[in-house]
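Structure record follows, encoded as structure tokens.
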Amino acid sequence: MKTALLTHADCLEHMTPDGHPERVARLERVLHALESLDLDRRTSPLAADDDLLRIHPESHIRSIRSSRPTEGYRQIDGDTFMSPGSVDAAYRAAGAVVRAVDLVLGGDSPNAFCAIRPPGHHAESETAMGFCLFGNAALAAKHALDHHRLKRVAVVDFDVHHGNGTQDLLWDEARALVITSQQMPLWPGTGRPDETGAYDTVLNIPLPPRSGGAEMRAAYEAQAFPRLRAFKPELIIISAGFDAHQDDPLAELNWSTNDFAWITAELCKIADECCNGRIVSTLEGGYDLNALAEATRAHVEELMKAAR
Ligand SMILES: [Zn+2]
């Protein structure tokens, strides 16, 4: 069976103003980098409001829908913008992770990658922020727990920024282990080790500016992997941001493309041990186009190797 790739052309219709780092070209470059790979290509459905209601109150969903401009842009926080295509893009992004969970838990795909935008891990329960409108990774977790009745799901977020939204949405969810590594200090400022969730199921791993792959590998081996193995998740969800790359303009970590391949391969090993290899990965950040394309391809190639 092949790794599934979920995406939709609507995700290219979410426009941001000139000079904004979270731009259409990101997804174009990612899709181009994955073009020659032998993947099971699927089109993302629109998420249903019932799906989104697993993580957001109706007021937030209504507010996003009503913030859609008929032309141009609407700024909804310091760095988050909407264009006429943004609502459909956000519903496709959320729909992609829901379908990916269905495919992997239904045994139709060994693992899956969602090439989507807008990203999701900064969106909190009632707040769109940091380029994110809906909390895609947390939605994947809740869908797996509530719809598929899993007992334990893990989210691993290696984006360079703290997954504050995922942490917020799963803060009091004892069935979800949330592991997030981030450069600290860095926007949004949260993600300290003492933020551990209502049931001690949140693990924050701060990494110092200018640290590289060696520090990341040591931190994951010492903290994240033992915690994951002890938790024994039935599904691993990856918030795959590639902005810890040494070439990324928004942060100061120095991971190489090989580091992204390494962490993916290690997570695949743990998934093999715990849950028959079941992984759903979703695109978060990554703002140097070459680094993003190369690291995403390396990530997906490791998922493909594990799917054999
Ligand atoms: Zn990021």
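Every number for a ligand or one of its atoms is a count from 1 in the order of the listing.
A 6.0 Å sphere centred on CG of Asp194 holds more than 12 heavy atoms belonging to other residues, nucleotides or ligands.
The atom of Asp159 nearest to the Zn ion (ligand 1) is OD1, with the search restricted to N, O or S atoms. The nearest N/O/S atom of His161 to the Zn ion (ligand 1) is ND1. As for Asp243, its N/O/S atom nearest the Zn ion (ligand 1) is the one called OD2.
Applying the ring-ring contact (aromatic ring centres under 6.0 Å, His included) test to residues at least two apart or on different chains, the pairs with a partner in residues 162-201 are His122-Trp187.
Annotation: side chain of Pro57 is in contact with side chain of Ser125 (closest heavy-atom distance under 4.5 Å).
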Would you be so kind as to tabulate the donor-acceptor pairs closer than 3.5 Å made by side chains of residues 248-256, with sequence neighbours excluded?
residue : atom : partner : partner atom : Å
Asp248  : OD1  : Leu250  : N            : 2.9
Asp248  : OD2  : Tyr287  : N            : 2.7
Glu252  : OE1  : Gln183  : NE2          : 2.9
Glu252  : OE2  : Arg210  : NH1          : 3.4
Asn254  : ND2  : Arg210  : O            : 3.2
Ser256  : OG   : Asn258  : N            : 3.3
Ser256  : OG   : Asp259  : N            : 3.2
Ser256  : OG   : Asp259  : OD2          : 3.1

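Put simply, Glu284 stays out of reach of the Zn ion (ligand 1), with no N, O or S atom under 2.8 Å from it.
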